[in-house]
Amino acid sequence: MSPVRRVMALASTTLPTKSGLSLWCPSSPSLARRFPARFSPIGGSRIAPSRGLVTASFANENREFVIVGGGNAAGYAARTFVENGMADGRLCIVTKEAYAPYERPALTKAYLFPPEKKPARLPGFHTCVGGGGERQTPDWYKEKGIEVIYEDPVTGADFGKQTLTTDTGKQLKYGSLIIATGCTASRFPDKIGGNLPGVHYIREVADADSLISSLGKAKKVVIVGGGYIGMEVAAAAVAWNLDTTIVFPEDQLLQRLFTPSLAQKYEELYRQNGVKFVKGASINNLEAGSDGRVSAVKLADGSTIEADTVVIGIGAKPSIGPFETLSMNKSIGGIQVDGLFRTSTPGIFAIGDVAAFPLKIYDRMTRVEHVDHARRSAQHCVKSLLTAHTDMYDYLPYFYSRVFEYEGSPRKVWWQFFGDNVGETVEVGNFDPKIATFWIDSGRLKGVLVESGSPEEFQLLPKLARSQPIVDKAKLASASSVEEALEIAQAALQS
């Protein structure tokens with residue numbers, strides 16, 4: 001047995017779990033820090049940092065830790081490596097994008113504003129500004145000794161050899177691997193016009209740039225999908241003064257979260273801004289005009305809606321890529337991990353949108369496509385990897401949206417939701433501008449959504465959702481204002 005593998009035999013154990021996963025677990029709190037001259041604690045690989053030590057012809061100099069993916073999760077993971085003194089000369093990020101990690105939610109919000117309404121642009125929203133941290137520009141990564149390989153997605157992986165292959169043929173070596181590949185937008189098939197000129201999907205800066213180019217020349221925009229993407233893109237289209245229609249198969253906006261009553265209020269706000277709705281509709285195909293560009297959306301009932309720009313916002317799917325041989329969660333999608341974001345393969349982790357993880361507070365497996373989870377999962381994973389931190393991830397579901405925030409908008413909308421939308425609901429407020437919805441199950445407050453809350457009110461919401469206090473439903477329903485309802489809920493925390 002080699003010296004490194006002898007150390008490995010002493011330094012690690014394999015723990016079985018209820019799900020049958022075999023999880024690598026360091027027995028030393030700061031194992032990586034104690035290995036000399038770049039020996040990785042995972043699999044005993046000798047990691048050549050650079051100068052003078054060459055083991056193979058690999059394209060990356062930093063080989064101890066490799067992150068695949070360049071989105072939110074990668075940016076916050078990088079910051080956590082820096083905070084723990086383990087980034088310089090050790091961390092490599094491989095991304096298909098041309099940009100350093102950025103706060104992706106901006107792409108369907110302020111990034112889409114017209115030029116005269118102060119749109120967001122890079123480098124303004126690089127991570128970690130959305131989480132209150134410094135702006136991590138490309139120069140930041142260089143200064144911290146982090147190697148970033150841009151515009152070269154990973155297309156192959158050999159877990160036995162701990163190597164990766166990129167689209168351009170580069171061979172990369174890793175000691176520990178963090179998969180942060182996120183999701184890809186669900187697309188319409190080519191045969192029904194899914195790739196016609198003028199049809200857009202939004203996931204990356206290049207996608208948003210292409211849409212902005214179309215919006216600048218558009219007259220009639222059709223948005224397919226009544227979820228977050230649909231609502232946010234429609235609000236941005238209003239800023240361009242375009243004829244805007246949202247089409248979706250459900251009978252209300254954001255059906256997976258909004259109550260029918262709440263959806264009705266948001267729909268009316270959109271109508272006041274000129275947005276039209278076609279609900280309960282299925283798409284048959286997208287039609288092309290004589291110039292080859294999209295010209296109409298044909299519905300299943302045979303009717304058509306004219307459009308020179310179409311945005312498809314029908315959800316996303318985990319970007320698994322070359323990692324499909326890892327343990328997958330077939331029911332919710334994504335790579336199966338435990339509460340420390342370890343996969344069943346030693347030394348490989350998955351974070352952010354692509355990870356199917358145990359939601360401790362509700363005792364179920366889940367996958368969350370949200371920036372808050374991307375940030376928190378990245379931080380939790382890296383802390384667990386580098387330190388004695390062994391607490392299981394205890395995430396509280398959180399969703400929000402901010403729309404109509406462009407300069408000159410008569411009303412800005414910002415809502416936040418925490419918890420679980422199960423049980424009966426109580427709605428308080430008249431949406432002028434505030435409204436609150438409380439979800440109560442077996443007498444306990446499970447979830448709460450507030451529109452246009454104050455900073456103090458928004459800070460109260462996660463406390464309520466996590467504590468799940470017993471509340472008097474009748475008393476809550478009789479509240480004359482959102483403020484009074486939140487006071488009743490807060491009092492329940494102390495009883």
Apply the test side-chain contact (heavy atoms from CB on, under 4.5 Å) to residues Y102 and E204: give CA-CA distance (whole Å), side-chain angles for both, the deciding distance (0.1 Å), then the verdict. CA-CA 10 Å; Y102 54 86; E204 302 172 2; 3.8 Å; yes
Full working for salt bridge (charged side-chain N to carboxylate O under 4.0 Å, His left out) between D353 and R203: CA-CA 13 Å; D353 295 4; R203 197 69 196 176; 2.9 Å; yes
Sidechain-backbone polar pair: [X] side chain, [Y] backbone, donor-acceptor under 3.5 Å:
X	Y	value
N421	R256	yes
E103	G130	yes
Q136	G75	yes
H389	V382	no
N285	I192	no
E61	E147	no
T309	L215	no
N72	V371	no
R135	C128	no
S409	E405	no

Minimum heavy-atom distance [X]-[Y], with the two atoms named:
X	Y	value
A157	F323	CB-CE2, 4.0 Å
N60	K173	ND2-O, 2.8 Å
P138	H126	CD-NE2, 4.0 Å

Do the numbers put R367 on top of the ring of F357, so that NZ or CZ is under 6.0 Å from the six-membered ring centre and no more than 45° off the axis? no
Does the plane of the ring in F341 sit parallel, tilted or perpendicular to the ring in H373? Use 30° and 60° as the thresholds. tilted
Once you measure the plane-to-plane angle for Y393 and Y395, does it fall in the parallel (<30°), tilted (30-60°) or perpendicular (>60°) bin? parallel
Indicate yes or no: at least one non-hydrogen side-chain atom of [X] is less than 4.5 angstrom from one of [Y].
X	Y	answer
V354	I320	yes
R187	N195	yes
Y174	R63	no
I312	Y201	yes
I202	L112	yes
T244	Y270	no
T108	Y228	no
F125	L107	yes

[X] side, atom [atom1]; [Y] side, atom [atom2] - distance, nearest 0.5 Å:
X	Y	atom1	atom2	result
Y76	T127	OH	OG1	6.5 Å
F159	L164	CZ	CG	8.0 Å
N62	F81	CG	CZ	11.0 Å
I314	F188	CD1	CZ	5.0 Å
E306	E287	CD	CD	10.5 Å
T80	L386	OG1	CG	8.5 Å

Got a sec: does the NZ of K412 have more than 12 other heavy atoms crowding it under 6.0 Å? yes
Please check if the number of heavy atoms outside K144 that lie under 6.0 Å from its NZ is greater than 12. yes
Does a donor on one side chain sit under 3.5 Å from an acceptor on the other, for T165 and Q171? yes
Quick one: do E232 and K109 satisfy salt bridge (charged side-chain N to carboxylate O under 4.0 Å, His left out)? Show the steps, please. CA-CA 6 Å; E232 292 176 355; K109 298 180 178 69; 3.1 Å; yes
The single option from Y400, Y398, W414 passing ring pair (Phe, Tyr, Trp, His ring centres under 6.0 Å) against F458: W414
Could you point out which residue of V247, T245, I246 forms a side-chain contact (heavy atoms from CB on, under 4.5 Å) with K276? T245
Does the side-chain contact (heavy atoms from CB on, under 4.5 Å) test come out yes or no for L299 and I283, once each step is laid out? CA-CA 4 Å; L299 305 181; I283 309 297; 3.7 Å; yes
